[in-house]
Amino acid sequence: GVEVGPQPQGVLRADILDKMRKIIKHGLDFVQLFNEGKEFPPCTIEVFKITEKVDYPRNKNDEVIAIIHPKLQDQDWQPLNNGDPLFLTLAGEVIAYKGDCTVYPTFINEAAYYEKKQAFVKTLKMKLTAKHIRCSV
């Protein structure tokens, strides 16, 4: 499957659909070239590994007591460092990120994840190296 976004639930966006088509085309081109015996050289790519799902701050009655801080909103895949604003209480208090390393949040404040008690997902940026590949047939 291919998920391309972000886009709101129930909304069809031409620019997002175009990106999805391009990704699918590149994937199919790769499969065709691989099946034809083309050798692909080693490569290194940057990826983001999910490490933790983070819930909204809640009170003892399990009610949400803070919202995503405006400086974090719409900052998917951007670095989040210790001390950066994370949540904002309804009383106007800032809850900062407390972490020992830089993380890259994603799925920030997505409506589809409210019921799953997920304000965002923490990811770590990593580099993966792939060896050369060629179809053996």
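Please read these numbers as outputs of a predicted model, since none were measured by experiment.
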* Verdict with supporting geometry, Lys22 and Asp18, salt bridge (Lys or Arg N to Asp or Glu O under 4.0 Å) -> CA-CA 6 Å; Lys22 287 177 182 173; Asp18 185 55; 3.3 Å; yes

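- Linking Ile, Leu, Val, Met, Phe, Trp and Tyr residues whenever their side-chain heavy atoms come within less than 4.5 Å leaves Val103 and Phe107 in two separate clusters.
- Under the 4.5 Å side-chain heavy-atom criterion for ILVMFWY residues, no single connected hydrophobic cluster contains both Leu72 and Ile50.
- A heavy-atom distance below 4.5 Å is not found between the side chains of Lys53 and Lys116.
- Looking only at side-chain heavy atoms (C-beta outward), Asn82 and Lys98 come within less than 4.5 Å of each other.
- The two residues Thr44 and Lys127 make their nearest non-hydrogen contact at CG2-CB, 4.0 Å.
- The hydrophobic cluster around Trp77 extends to Phe48, Tyr104, counting ILVMFWY residues whose side-chain heavy atoms fall within less than 4.5 Å of a member.
- For the atom pair CD (Glu110) and CD (Gln118), the distance works out to 9.0 Å, reported to the nearest 0.5 Å.
- Applying the salt bridge (charged side-chain N to carboxylate O under 4.0 Å, His left out) criterion to Asp100, with sequence neighbours excluded, gives no partner residue.
- Qualifying side chain to side chain donor-acceptor pair (under 3.5 Å) partners for Arg21, counting only residues two or more places apart in sequence or in other chains: none.
- At most 12 non-hydrogen atoms from other residues, nucleotides or ligands lie less than 6.0 angstrom from CG of Leu12.
- Residues satisfying the side chain to side chain contact (heavy atoms under 4.5 Å, CB included) criterion with Tyr114, sequence neighbours excluded, are Tyr56, Asn109, Ala111.
- Counting side-chain heavy-atom gaps under 4.5 Å among Ile, Leu, Val, Met, Phe, Trp and Tyr, the cluster of Phe30 also holds Val31, Leu33, Phe34, Phe40, Ile133.
- Under the 4.5 Å side-chain criterion, counting only non-hydrogen atoms from C-beta, Pro105 is not in contact with Lys122.
- Remark: Glu46 engages Lys125 in a salt bridge (charged side-chain N to carboxylate O under 4.0 Å, His left out) (not counting sequence neighbours).
- When hydrophobic residues (I, L, V, M, F, W, Y) are linked wherever their side-chain heavy atoms come within less than 4.5 Å, the members clustered with Ile67 are Leu88, Val94.
- Taking Lys25 as the reference, Asp29 meet the salt bridge (charged side-chain N to carboxylate O under 4.0 Å, His left out) condition, with sequence neighbours excluded.
- Between atom OG1 of residue Thr106 and atom CG of residue Leu80 there is a gap of 12.0 Å, rounded to the nearest 0.5 Å.
- Between the Asn59 side chain and the Asn61 main chain, a donor and an acceptor come within less than 3.5 Å of each other.
- Scanning both residues, Arg58 and Val64, for their nearest heavy atoms gives NH1-CG2, 3.6 Å.
- For the pair Val47 and Met126, the minimum side-chain heavy-atom distance is below 4.5 Å.
- Distance check, rounded to the nearest 0.5 Å: CD1 of Ile24 to CE of Met20 gives 6.5 Å.
- Looking at residues two or more places apart in sequence or on another chain, you find a side chain to side chain contact (heavy atoms under 4.5 Å, CB included) between Pro57 and Ile65, Ala66, Phe87, Ile95.
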Subject >> Worked check of side chain to side chain contact (heavy atoms under 4.5 Å, CB included) between His69 and Asp84 >> reply: CA-CA 10 Å; His69 192 280; Asp84 287 349; over 6 Å; no

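- Hydrophobic clustering, with ILVMFWY side chains joined whenever heavy atoms are under 4.5 angstrom apart, keeps Val121 apart from Val54.
- With sequence neighbours excluded, no residue satisfies salt bridge (charged side-chain N to carboxylate O under 4.0 Å, His left out) with Lys49.
- With sequence neighbours excluded, no residue forms a side chain to side chain contact (heavy atoms under 4.5 Å, CB included) with His26.
- The 12-atom threshold is exceeded at CD of Glu36, counting heavy atoms of other residues, nucleotides or ligands nearer than 6.0 Å.
- Every residue was checked against the side chain to side chain contact (heavy atoms under 4.5 Å, CB included) condition with Ala14, not counting sequence neighbours, and none meets it.
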